[in-house]
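Everything on this sheet refers to the single structure shown next.
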Amino acid sequence: MNNQQLMDLVNQMTLEEKVAQLLQLTANFYEGTDTQGQITGPMEEMGITEQSVRASGSILGLSGAQAIMDVQQAYLEKSRLGIPLLFMADVVHGFKTIFPIPLAIGCSWDLELAEKSAEIAARESAVSGLHVTFAPMVDLVRDPRWGRVMETTGEDPYLNSLFAAAFVRGYQGDNLKDEVDRLAACVKHFAAYGAAEGGRDYNTVDMSERQLREYYLPAYKAALDAGVEMVMTSFNTVDGIPASGNEKLMRGILREEWGFDGVLISDWASIREMIAHGAAEDDREAAYRAIRAGVDMEMMTPCYVSHLPELVQKGEVEEHLVDEAVLRILQLKDKLGLFDNPFRAADPDREREIVFSKEHREVSRELAAKSAVLLKNDGQTLPLQPNAKVALIGPFAQSEDILGWWSCEGVKADAVKLGTALQERLPQGKVLVAQGSTVHTVTDDQIAAALEAASQSDIIVLALGEDSEMSGEGGSRTDIRLPAAQLQLVQALKAAGKPIVSVIFNGRPLDLNGIIGESDAVLEAWFPGSEGGAAIADILTGAVNPSARLTMSFPQSVGQVPVYYNHFNTGRPINPDNTENRYVSQYIDSPNEPLFPFGYGLSYTTFAYGEIEVSGQEMTANDSLTVQVRVTNTGDRAGIETVQLYVRDVSGEVVRPMRELKDYVKLSLAPGETGTATFTLNEEQLRYHHADLSYRSDRGEFHVMVGPNSRDTQSHTFRLV
């Protein structure tokens, strides 16, 4: 349909039909599902009518080709105007083939593979009937207490922006109507959801607009520039106003300034939650505020269907606001080709062929291996020696719980277990498995069995971590250490006197006290997905050389939080030559620096950096500088080095961070091989938001820094003139 035809369709709709198009409900409200006949209770609870359900615009959370086709068919048979439903779901890091959690994918620094993971997730979802995914989540995060850090790609606005665009490209492709195996993407959560006070989910967010624009908005904008079709509002307040009713944020920045004309959807019940926030007296006022803010679609609350018709009829809300919202929803349905084929790619036969295919699982395995970060490897404990006898101990030795939160249609029983994979890779009888403890409990008998296995082995591999319920939405924690039972197990095994490799499965940066000092090697596996056990076994045995780099700092302890690499200096910074001075910005019981910084990660080989070379001492607005460094693989096996470029603006109108990531290059080097990382730095990369929110650079001195992480860099000075 063209735009005029869609507008004609809007004009044929009654006001009630228009408002119903703005309603999103879960599948149990609809005929044709396995919950058919059980809809009376939910309808009464929400205060909506059967007529509203019949005319509603979208469904949340249903999947399966035949199920979706049945619901769509039953819906269209009763639809007066034949407008098809949209089917949406949280396909966050895979549909049935589960990839590593997004925080882990970020640690790969591999945009091509990240895009491929989204493409595969879209293919499996689309053939199973879905049209839209509530992903990517691009919230910048600095507080690991917040459980939803697992859904983001980290603490850096530049890197987050690159991944945001890559995920959108992967989900959507180039043309949704022609590429039916793609999904419309929905970037979330707009805005600054990741800055919740105290790391407590849904909590208050309060920051300056300059801070918001400088760090938190860029990744959303990158998703929009990549063509994302939908945006989801966040649960939190922004400058004292809940996002779902925030006109300045939604109509001002998103619609008018950035030109977004796609669909804006509330998060689950977030319109009604304005009442609890104290920003609306009742459902009626919540509906008024949300529609005026430009929210097109209301997820799982009845504020719009119950009150928008009356608000329009009484002249309190202009009907054209409702028309605009309906038109945007119809335009998305048209982009997906649903008016021509309401079933789109749904196909039960293809579904059986495509979903969880061997090809898809191979990509999951590759990405899991490229996402696991080697944090420590004293004395070259890893990789495991081919003939070593290994005691694999811990709650994750044979755990299926490695998919993580938001694993969509993933089945834990399908996940490759670490113990099984390790036994397949090492000679028979060389791997002894003992549980040692559960995630949260330990007994004397379990420790005794673990010690017996350790006594018969050359090396201990401890498989530790969080269960999936300990992170994700609603998974905020004040204590981000491993549970005490696992720390007790580590202490008991340390006394056995054998080398210890700790493999950590988790959804957030942890306080590794009780692990890091007791282990000879530590591998951060994250929640690695369907092929996680295979990927981690590949790394442990040396079939894969780890190459991942952290995209979120690991704290020394939770008392440092938030701790992040691109922090400001203070008026009283620490002077390393005068450590006795009390009156500087420091802790008296901890270093200021994180345990492991942004960009950090080890390899089974070593790399030596030459001197940084910069093409000049000055830069103008019209030219650029070339920055180069030669890197040599000084080890005995091939490896990948991620060479990172940082810049510091030494003196700005507004205080600038100590360093900011501007670019990176991945060098794949054979033993003894030397490669050159070349960067081009221009004036645009030096711009920032000033006090008046203008976006420009300042003349003056800059430091350009190059290294393997944000801490271990060499520096060169230049001036912008």
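Everything numeric in this text was worked out from a predicted model, so none of it was measured.
Using modelled atom types, no side-chain atom of K370 and backbone atom of S547 make a donor-acceptor pair closer than 3.5 Å. Checking side-chain atoms of K376 against main-chain N and O of S519 turns up a donor-acceptor pair under 3.5 Å. Of the possible donor and acceptor atoms, one in the side chain of T634 sits under 3.5 Å from a partner among the backbone N and O of T606. Without hydrogens or angle criteria, S437 side chain to V442 main chain gives no donor-acceptor distance under 3.5 Å. Y158 places no side-chain N or O within donor-acceptor distance of the main-chain N or O of P218, the cut-off being under 3.5 Å. With hydrogens and angles disregarded, a donor-acceptor distance shorter than 3.5 Å links the side chain of R508 to the backbone of R145.
Distance check, rounded to the nearest 0.5 Å: CG of L661 to OH of Y565 gives 5.0 Å. If you take CD on E112 and CZ on R169, they are separated by 10.0 Å, rounding to the nearest 0.5 Å. Note that the CZ atom of F190 and the OH atom of Y216 stand 14.5 Å from one another [nearest 0.5 Å]. Interatomic distance, CG of N203 versus OH of Y193, reported as 10.5 Å (0.5 Å rounding). To the nearest 0.5 Å, atom OG1 of residue T97 and atom CD of residue E362 are 11.0 Å apart. Atom NE2 of residue H131 and atom CD1 of residue I68 lie 6.5 Å apart, to the nearest 0.5 angstrom.
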Any chance you could lay out the side-chain contact (heavy atoms from CB on, under 4.5 Å) test for M88 and F134, step after step, and finish with the verdict? CA-CA 7 Å; M88 309 186 188; F134 296 127; 3.6 Å; yes
Does the pair Y604 and N377 meet the rule for a side-chain contact (heavy atoms from CB on, under 4.5 Å), with working shown? CA-CA 9 Å; Y604 289 156; N377 195 19; 4.0 Å; yes
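What you find for A121 and F95 is that their closest heavy atoms are O-CB, 4.0 Å. Residues P102 and M150 come closest through the heavy atom pair CD-O, 3.2 Å. For the pair I101 and G507, the tightest heavy-atom approach, listed with the atom from each and the gap, is CD1-CA, 3.8 Å. Taking each heavy atom of E518 and G514 in turn, the nearest pair found is OE1-C, 3.0 Å. The two residues T551 and G106 make their nearest non-hydrogen contact at CG2-O, 3.3 Å. Between Q486 and T438, the closest heavy-atom pair is CG-O, 4.0 Å.
Under the ring pair (Phe, Tyr, Trp, His ring centres under 6.0 Å) test applied with F598, the options W109, F554, Y664 reduce to a single match, W109. Under the side-chain hydrogen bond (donor to acceptor under 3.5 Å, both in side chains) rule, S63 has a single partner from E409, E124, K96, which is E409. Each of I516, L595, L482 was checked for a side chain to side chain contact (heavy atoms under 4.5 Å, CB included) with L510, and the lone residue meeting it is L482.
In summary, the side chains of H440 and D467 do present a donor paired with an acceptor at a separation below 3.5 Å, with no hydrogens or angles considered. Donor-acceptor pairing under 3.5 Å is lacking for the side chains of T152 and D139. Using modelled atom types, one finds a donor on one side chain and an acceptor on the other under 3.5 Å when comparing E351 with S128. When only modelled atom types and interatomic distance are considered, D401 and S468 share a side-chain donor-acceptor pair under 3.5 Å. No hydrogens or angles considered: nothing links the side chains of S603 and E641 as a donor-acceptor pair under 3.5 Å. Using modelled atom types and a 3.5 Å distance limit, the side chains of Y202 and E473 yield a donor-acceptor pair.
Ion pairing between R361 and E531 holds under the 4.0 Å rule for side-chain N and carboxylate O. Salt bridge D90/K188: present, at least one basic N to carboxylate O contact under 4.0 Å.
Aromatic rings from W526 and F99 are positioned such that their centres are separated by 6.0 Å or more. The aromatic ring centroids of W406 and F527 lie 6.0 Å or more from each other.
Q428 CD: 12 or fewer foreign heavy atoms inside a 6.0 Å radius.
Judged by the 6.0 Å distance and 45° axis criteria, R142 is positioned over the aromatic ring of Y564.
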